[in-house]
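Please read the structure below before turning to the comments.
Predicted, not measured: the structure shown is a model, and the values here were computed from it. Counting from 1, the numbers follow the sequence of the chain as shown.
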Amino acid sequence: MMVCEYRPGLEGIPAAQSSISFVDGQKGLLEYRGIRIEELAEKSTFLETAYLLIWGELPTAEELAAFEDEVRHHRRIKYRIRDMMKSFPESGHPMDALQASAAALGLFYSRRDLDNPVYIRDAVVRLLATIPTMIAAFQLMRKGNDPVRPNDELDYAANFLYMLNEKAPDPLAARIFDVCLILHAEHTMNASTFSARVTASTLTDPYAVVASAVGTLGGPLHGGANEEVIQMLEEIGSVENVRPYIEDRLQQKAKIMGFGHRVYKVKDPRATILQNLAEQLFAKFGNDKFYDIAQEMERVVEEKLGHKGIYPNVDFYSGLVYRKLGIPTDLFTPIFAIARVAGWLAHWKEQLAENRIFRPTQVYNGRHDIPYTAIDQR
């Protein structure tokens, strides 16, 4: 048997063949099904992009209208799921609430009819439709309020902001939030997507697939980084404190949140788009002092670490956009999940097409031939 080189985190080791998305980290290029992310952010909508990712091609006008209508009319959640969420501790993190709620959907809808295209489509629609509802519901319920029912007159992004804030959002805010969802929808074989594919390979239901991916996304080295960026900006406090803060972090060889990426060695193209979105929001709704700190951080980090290929990643500016939209910091990662459900489901479908259960090997570094010691002799 061939012995393969061990690489921590499986870095650089292909885990699947996929036609869903493509990244060139040296050029700062990201494509969904061959279409540049910049073009999708400018011209598409989240649900159209989700359709592209999951079914492999852009929908016709009729297909998109039918898909949007299905999602719109599946936004409501079972009252038993809502009652279950009411029992969650108010201090619990929304990602934990989302993971439990996504898994609970499987209790109602799991038939594991994975050869049935109708079941596949129904699961796609239901997960895309209900994940935002559950996140908004938990946010209101943990404050002691009843959740807001979905508004069928509003599109996908606007409806979430409506359920969250109990009022219809400004059209610019809704459009910017929709673009944010496009940017976070998919990103090749990241940790949560790998988790989704491993779970999918067992032929369990899609609700368990999404729940496992949500659990993976919740860690601070994956989706949770944008929350820590805001905490870091709060800690720095002013533009004058940026350089001393960064120099101290470098001296301690500590991570600077929002900078660096396992793939990108130039500025993340999504960070560039998000920075532009932030500026649009600030122009209409007023500046955020944290943005000045963030810009100075980008300048100093490029000066100090640009030669190492360390630049802003998607998490660096996304939190500033969400903050200006009035979204609580601990909802940043659940919103990441709203978007990434599209990518997870695309990989779920792709995994089912040519499935083989994941069973990697290991490099054993333990001992051999150790005799058992009786309990009274230990």
Side-chain angles (χ1 to χ4, degrees), residues 1-26 30-33 53-54 56 95-96 99-100 102-103 106 110 112-115 120 123 127 185-225 253 255 260-265 308-309 313-315 333 336-337 340-373 378:
M1 179 178 178
M2 183 178 66
V3 178
C4 299
E5 177 188 359
Y6 166 63
R7 297 186 184 179
L10 302 179
E11 183 171 5
I13 298 177
Q17 296 187 79
S18 179
S19 60
I20 297 170
S21 65
F22 171 77
V23 171
D24 186 324
Q26 300 298 325
L30 171 61
E31 296 175 343
Y32 294 172
R33 300 287 188 181
L53 289 169
I54 295 165
M95 281 298 282
D96 297 327
Q99 184 178 27
S110 174
R112 300 184 188 176
D113 195 5
L114 301 179
D115 294 324
I120 299 292
L127 281 160
E186 161 64 8
H187 204 253
T188 70
M189 195 60 67
N190 53 81
S192 60
T193 298
F194 180 55
S195 179
R197 290 194 77 131
V198 171
T199 306
S201 76
T202 70
L203 299 184
T204 189
D205 67 80
Y207 307 99
V209 170
V210 169
S212 71
V214 169
T216 307
L217 184 66
L221 295 183
H222 195 3
K253 297 183 179 180
K255 185 174 179 62
H261 196 279
R262 288 280 287 270
V263 177
Y264 293 114
K265 303 308 174 187
K308 294 185 177 181
N313 58 42
V314 69
D315 296 307
T333 309
F336 194 151
R340 191 55 62 86
V341 166
W344 295 332
L345 291 171
H347 282 271
W348 169 60
K349 275 186 85 265
E350 190 174 68
Q351 182 68 34
L352 293 180
E354 296 184 12
N355 187 56
R356 183 174 175 81
I357 189 171
F358 278 88
R359 180 54 172 93
T361 187
Q362 66 174 21
V363 176
Y364 178 70
N365 61 0
R367 298 182 294 171
H368 294 282
D369 298 325
I370 304 299
Y372 177 81
T373 303
R378 296 175 202 165

(Q) I'd like to check the side-chain hydrogen bond (donor to acceptor under 3.5 Å, both in side chains) partners of N355; sequence neighbours left out, ordered by chain and number. (A) Q351
Q | A191 backbone acceptor or donor facing T216 side chain under 3.5 Å | A | no
Q: Ignoring hydrogens and angles, tell me if any N or O in the side chain of Y32 forms a donor-acceptor pair with the backbone of E186 under 3.5 Å.
A: yes
Q. Is the F194 to F358 ring centre distance short of 6.0 Å?
A. yes
Q. For I54 and W348, what are the C-alpha separation, side-chain angles and deciding distance, and is it a side chain to side chain contact (heavy atoms under 4.5 Å, CB included)?
A. CA-CA 9 Å; I54 295 165; W348 169 60; over 6 Å; no
Q. Say you draw a straight line from CD1 of I20 to NZ of K349; how long is it, rounded to the nearest 0.5 Å?
A. 9.0 Å
**Q.** Which atom of L352 lies closest to which atom of L203, heavy atoms considered
**A.** CD2-CD2, 3.7 Å
Q | Minimum heavy-atom distance S195-S212, with the two atoms named | A | OG-O, 3.4 Å
**Q.** Smallest separation among heavy atoms of E350 and S19, with atom names
**A.** OE2-N, 3.0 Å
Q.
Name the residue from V263, D24, V23, V314 that meets the side-chain contact (heavy atoms from CB on, under 4.5 Å) definition with L30.
A. V23
**Q.** Reported CG-to-OG1 distance for the pair L114 and T204, which is rounded to 0.5 angstrom
**A.** 8.5 Å
Q) Of all heavy-atom pairs between A16 and R197, which one has the smallest distance, and what is that distance? A) CB-CZ, 3.8 Å
Q. Can you list the residues that meet the side-chain hydrogen bond (donor to acceptor under 3.5 Å, both in side chains) rule with T193, with sequence neighbours excluded?
A. N190
**Q.** L127 vs Y207, side chain to side chain contact (heavy atoms under 4.5 Å, CB included): CA-CA, chis, key distance, verdict
**A.** CA-CA 8 Å; L127 281 160; Y207 307 99; 3.6 Å; yes
Q: Report the C-alpha separation of S18 and H347 in whole Å, then their side-chain angles, then the decisive distance to 0.1 Å, and conclude whether the side chain to side chain contact (heavy atoms under 4.5 Å, CB included) test is met.
A: CA-CA 8 Å; S18 179; H347 282 271; 3.7 Å; yes
Q. So with a 6.0 Å cut-off around CZ of R367, is the heavy-atom count from everything else above 12?
A. no
Q: Side-chain contact test, heavy atoms from C-beta onward, threshold under 4.5 Å: evaluate it for V214 versus W344 and give yes or no.
A: yes
Q.
Aromatic contact between H261 and H187, with the criterion being ring centroids under 6.0 Å apart: yes or no?
A. yes
Q: Let me see the working for Q17 and E354 under side chain to side chain contact (heavy atoms under 4.5 Å, CB included), right down to the final yes or no.
A: CA-CA 10 Å; Q17 296 187 79; E354 296 184 12; 5.9 Å; no
Q: Might you point out which heavy atoms bring A102 and V210 nearest each other, and give the distance in Å?
A: CB-CG1, 4.4 Å
(Q) Can you give me the closest heavy-atom contact between A342 and L53, atom names plus distance? (A) CB-CD1, 4.3 Å
Q | Under 3.5 Å: donor-acceptor pair, side chain of H222, backbone of S192 | A | yes
**Q.** Side-chain (R33) to main-chain (S21) donor-acceptor, under 3.5 angstrom
**A.** no
